[in-house]
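Contents: one structure, followed by commentary.
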Protein chains: 2
Amino acid sequence: MERLAKYCADQDGVPLIAGRVLGWLMICDPPEQSAQQIATAIGASRASLSTNLRLLSSVGFVRVLTKPASRTVYYRVDDDAWEKVVQRQIASLASLGRILQDGTPLAGSSPDRGGRIAVANDVFRWMQQIFDNAPPLPSTTRAAEESRR
Amino acid sequence: MERLAKYCADQDGVPLIAGRVLGWLMICDPPEQSAQQIATAIGASRASLSTNLRLLSSVGFVRVLTKPASRTVYYRVDDDAWEKVVQRQIASLASLGRILQDGTPLAGSSPDRGGRIAVANDVFRWMQQIFDNAPPLPSTTRAAEESRR
DNA sequence: CACAAGGTTCAGTCTTCACTGAAACCTGTC
DNA sequence: GACAGGTTTCAGTGAAGACTGAACCTTGTG
């Protein structure tokens, strides 16, 4: 499992160890762990853990929990972490689409030159449309159920 | 424009110059260019061009055209290049979802431990569903129109 | 106050990789 | 067969960045 999360880590731009941390935090018991515990669990230095945990929490994939009357800080995967991953990947694609769109004038409108960009713009419009018509995200649904109780 | 495509290049894992090549090939006139032309256009060494063009064509973003009675090789962006970009990004997300799914048993089924993964699986099911219900890709539509003529 | 547990910062090592110039490799042309 | 245009391969350089051990800061506890 950790090895698989690591695979996805170097497929993305995430540092190797951050991937392992995520992998471990997904299956560990209890769900919240101290930096120390994580360090020994995945066999990395505390220094690296410090860096990677800050990274992960700054991008909102893990949440920081402090228990009262204890100087230990606990970490836990955010429930919406993977949803964020998906959302950001999509957002990144959308911004790529916007870049292409902004560049459209550079090619002019003659069919030979503008054709390439026109096709590209079609693709991103297609994508945009899909998500506009998409059902609500699981997290939204979950929140709604939560409040209905 | 080239600068923007470059931004998206280092956002992804693509070498800087490959991004510039794509940017240039999107707006150049004529649409097909020799390695030489591209090299001077974006100011990179021919060696680098050779490497990056091979990379780009191996992943199917540019197509190689050889004109008869000439040893020059011409390159052109594939019409479906950006569609491939989108598709692969999605595919990558889907494979991430599969990894998470495969790891589900590792957390067991107690609500405290399995809950995290269950939520994650929901997200990827949601994504899967969106694309199952999606309209056909622009390229498919385009091909259909082509053949209808 | 001394101590120790938890965490962070710093300097250094090591790996990876994009890029380049120069040499080598075709392949048509004279 | 020599030659020249076009491209590829190769060794080398430089930069980016992940990871670590060691020193340092902080904060409850005896």
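Every chain is numbered from 1 and lettered A, B, ... according to where its sequence line falls, protein lines coming before strand lines.
Judged by distance alone, the side chains of Glu83(A) and Trp126(B) never bring a donor and an acceptor atom under 3.5 Å apart.
Using a 4.5 Å cut-off between side-chain heavy atoms of Ile, Leu, Val, Met, Phe, Trp and Tyr, Tyr74(A) falls into a hydrophobic cluster with Leu65(A).
How far CD1 of Ile38(A) is from CD of Glu32(A): 11.0 Å, rounded to the nearest 0.5 Å. With rounding to the nearest 0.5 Å, the separation of CD in Gln87(A) from CG in Leu93(B) is 11.5 Å.
Between the side chain of Arg113(A) and the backbone N or O of Ile27(B), at least one donor-acceptor pair lies under 3.5 Å. With hydrogens and angles ignored, the 3.5 Å screen pairs a side-chain donor or acceptor of Ser57(A) with a backbone N or O of Leu53(A). In terms of modelled atom types and a separation under 3.5 Å, the side chain of Arg116(B) and the main chain of Arg76(A) share no donor-acceptor contact.
One interatomic measurement links the two molecules: CD of Gln36(A) to C1' of dT26(D), which rounds to 15 Å at whole-angstrom precision. Going from atom CG of Leu53(B) over to atom P of dG6(D) covers 15 Å, rounded to whole Å. In this structure, Gln37(A) atom CD and dG6(C) atom P are separated by 9 Å, rounded to whole Å. Atom C1' of nucleotide dA16(D) and atom CG of Asp10(B) are separated by 12 Å, given to the nearest angstrom.
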Query raised in the report: Where do Trp82(A) and Asp122(B) land on the side-chain contact (heavy atoms from CB on, under 4.5 Å) test, with the steps shown first?
Result: CA-CA 10 Å; Trp82(A) 300 102; Asp122(B) 282 347; over 6 Å; no
Identify each atom pair where a protein N or O and an N or O of nucleotides 17-23 of chain D are less than 3.5 Å apart, giving names and distance.
from: dC19(D); atom 1: OP1; to: Ile17(A); atom 2: N; distance (Å): 3.3
from: dT20(D); atom 1: OP2; to: Ser45(A); atom 2: N; distance (Å): 3.2
from: dT20(D); atom 1: OP2; to: Ser45(A); atom 2: OG; distance (Å): 3.2

Strictly under 3.5 Å: I want the nitrogen or oxygen pairs between protein and nucleotides 27-30 of chain D, one per line.
none

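In this view, Phe131(B) and Phe131(A) satisfy the ring-ring contact (aromatic ring centres under 6.0 Å, His included) rule, not counting sequence neighbours.
Of the residues in residues 54-67 of chain A, none has a non-hydrogen atom less than 4.0 angstrom from any atom of DNA chain D.
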Using atom types as modelled, flag every donor-acceptor pair under 3.5 Å from a side chain in residues 9-23 of chain B to any protein atom, sequence neighbours excluded.
from: Gln11(B); atom 1: NE2; to: Ser92(A); atom 2: OG; distance (Å): 3.4

